[in-house]
Amino acid sequence: MSYQDEYVGSFPKDFSYGPFEQNGDSDNASLQEDHKPRILLMGLRRSGKSSIQKVVFHKMSPNETLFLESTNKIVKDDINNSSFVQFQIWDFPGQIDFFDPTFDSDTIFGGCGALVFVIDAQDDYQDALDKLQLTVTKAYRVNSNIKFEVFIHKVDGLNDDYKMESQRDIHHRATEDLAEAGLEHVHLSFHLTSIYDHSIFEAFSKVVQKLIPQLPTLENLLNILISNSGIEKAFLFDVVSKIYIATDSSPVDMQSYELCCDMIDVVIDISCIYGMVDETEVNTFNSQSSSLIKLNNGTVLYLREVNKFLALVCILREENFQKQGVIDYNFLCFRDAITQVFELRSKSQNAAKNRSDIELLANGAGDSTETTTDNLQVQIP
Ligand SMILES: Nc1nc2c(ncn2[C@@H]2O[C@H](COP(=O)(O)OP(=O)(O)OP(=O)(O)O)[C@@H](O)[C@H]2O)c(=O)[nH]1
């Protein structure tokens, strides 16, 4: 679909353990990438890492993942959907060996925002738990700020009782293993996931949200919007990936989230099929995009475009939608406020980049002899 191609069009690059080995010719590019939070996908072979990345960020249909080949090298993927959803995903091969001298843990874990560890819940998970303990121990020693997220994956094949039982068991054993390693203070978050339903999008939304420093501001703006507009629930969606980057502070129920995801699909599909004026047009989701769907239970779904990447999707009772003018006016105020948050964010990003450019010059990082020495130092296991 053209909309997706435009924004998720960066193809993964293959490279071996030391990411700077292949990118070594471009120190500046590497430094720029360093400003983006990095999400690592780890876990045993065939646990479903590549499938997750392909389904969430590349619109691959779940059935197609059956034909994915095993990943042999780290695959790095730049996600640039919007100003807020900007990060890199590094998909690791299942057989990764932390004791391999080319495994540059300082570089890999140093710039990492979140580490997603995928456990195949349909398989015996003892080996996965051992690997989880080893991974968390290694990563935490290098970078204590990493958010550790455990995806108890492929739960589509399990009944509800077994799902809950597996989650309880994995939670218990993983935290015990960490306590044995002296890391009882390290927090692990657990999510039940499957690529065959919306759970994987919901889980990834939560991972991404933890990497957005402006999250409290966004939540606050959404709270103000819903309380002044008679809205029950509001999500701020990244349209391409359908992950929600923020919601108001009332609890999220899966059904509402699924309804909103479906609505985005409908709007994008209709826009792409019927909205294109000529064939060269790639972006049919624009500032006029909005949609209203009345459900048979007296609820209304209302979608408004915030910018070309983000959409606000609200759920409200039909009687509260009678004053649509007020809702629309409040929405415009909300959109202005979000734009201001964006502007502030890009200003601070530019300032950070300038600072690092100056540091780069001051440290003479362009000197090839020094770079080589640095690499040698960090590669010592
Ligand atoms: N039932 C089910 N199968 C899944 C799910 N996610 C992935 N799979 C399947 O699991 C198999 C392995 O998926 P991959 O994504 O290649 O696994 P991986 O972890 O990247 O594997 P390596 O590259 O070898 O490390 C594929 O056949 C997928 O279709 C899921 O949520 N449910």
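Just so it is clear, the structure is predicted and the values come from calculations on it, not from any experiment. Just so you know, residue 1 is the first one in the sequence shown, and it goes up from there. Each ligand, and each atom within it, is numbered from 1 in the order the structure gives.
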Quick note on ligand 1: atoms under 4.0 Å from a heavy atom of Ser194 include exactly 31 (O)
Between Lys233 and Ser250, a side-chain donor and acceptor under 3.5 Å: yes
Give yes if a backbone or side-chain nitrogen or oxygen of Gly94 is under 3.5 Å from a nitrogen or oxygen of ligand 1, and no if not. yes
Which residue and heavy atom of the protein sit nearest atom 17 (O) of ligand 1, plus the separation: Gly48 N, 3.1 Å
Less than 3.5 Å between some nitrogen or oxygen of Tyr196 and one of ligand 1, yes or no? no
Which heavy atom of the protein is the closest neighbour of atom 29 (O) of ligand 1, given with residue, atom name and distance? Thr65 OG1, 2.7 Å
Validation row, ring centre Tyr140 to ring centre His185 under 6.0 Å: yes
I would like to know whether Phe57 and Phe87 meet ring-ring contact (aromatic ring centres under 6.0 Å, His included); could you show each step before the answer? CA-CA 12 Å; Phe57 296 104; Phe87 51 85; 5.7 Å; yes
Would you kindly say whether Ser256 and Asp253 are connected by a side-chain donor-acceptor distance under 3.5 Å? yes
So for Ser47, does at least one of its heavy atoms come nearer than 4.0 angstrom to any atom of ligand 1? yes
Using 30° and 60° as the class limits, which term best fits the ring planes of Tyr257 and Phe237: parallel, tilted or perpendicular? parallel
Nearest to atom 15 (O) of ligand 1, what protein heavy atom do you find, and at what distance? Ser51 OG, 2.5 Å
Considering both backbone and side-chain atoms of Ile195, is one of its nitrogen or oxygen atoms within less than 3.5 Å of a nitrogen or oxygen in ligand 1? yes
Give me the residue, atom name and distance of the protein heavy atom closest to atom 21 (O) of ligand 1. Arg46 N, 3.0 Å
In the protein, what heavy atom is nearest to atom 8 (N) of ligand 1, and what distance, to one decimal place, separates them? Lys154 CE, 3.6 Å
Does Gln133 use its side chain to pair, donor to acceptor, with the backbone of Asp177 at less than 3.5 Å? yes
Option among Asn145, Val142, Ile39, Ile146 that satisfies the side-chain contact (heavy atoms from CB on, under 4.5 Å) test with Cys112: Ile146
Do you reckon Val186 sits in the same ILVMFWY cluster as Leu40, going by side-chain contacts under 4.5 Å, direct or chained? yes
What atoms in ligand 1 come closer than 4.0 Å to a heavy atom of Asp156? 1 (N), 2 (C), 30 (C), 31 (O), 32 (N)
Heavy-atom proximity to atom 19 (O) of ligand 1, best of Gln122, Lys49, Arg45: Lys49
Test: Lys242 cationic atom under 6.0 Å from Tyr244 six-membered ring centre, within 45° of axis: no
To the nearest 0.1 Å, how far is atom 24 (O) of ligand 1 from its closest protein heavy atom, and which atom is that? Ser70 OG, 2.5 Å
Return the residue, atom name and 0.1 Å-rounded distance of the protein heavy atom closest to atom 6 (N) of ligand 1. His153 NE2, 2.9 Å
For atom 23 (O) of ligand 1, what is the closest protein heavy atom, and at what distance to 0.1 Å? Thr71 N, 2.7 Å
May I ask you to check whether Ser50 has an N/O atom sitting below 3.5 Å from an N/O atom of ligand 1? yes
I need the atoms of ligand 1 closer than 4.0 Å to a non-hydrogen atom of Leu66, numbered in the order shown. 27 (O), 29 (O)
How long is the straight-line distance from CZ of Phe190 back to CZ of Phe151, given to the nearest 0.5 Å? 12.5 Å
Is there a donor in the side chain of Asp156 and an acceptor in the side chain of Ser194, or the other way round, less than 3.5 Å apart? yes
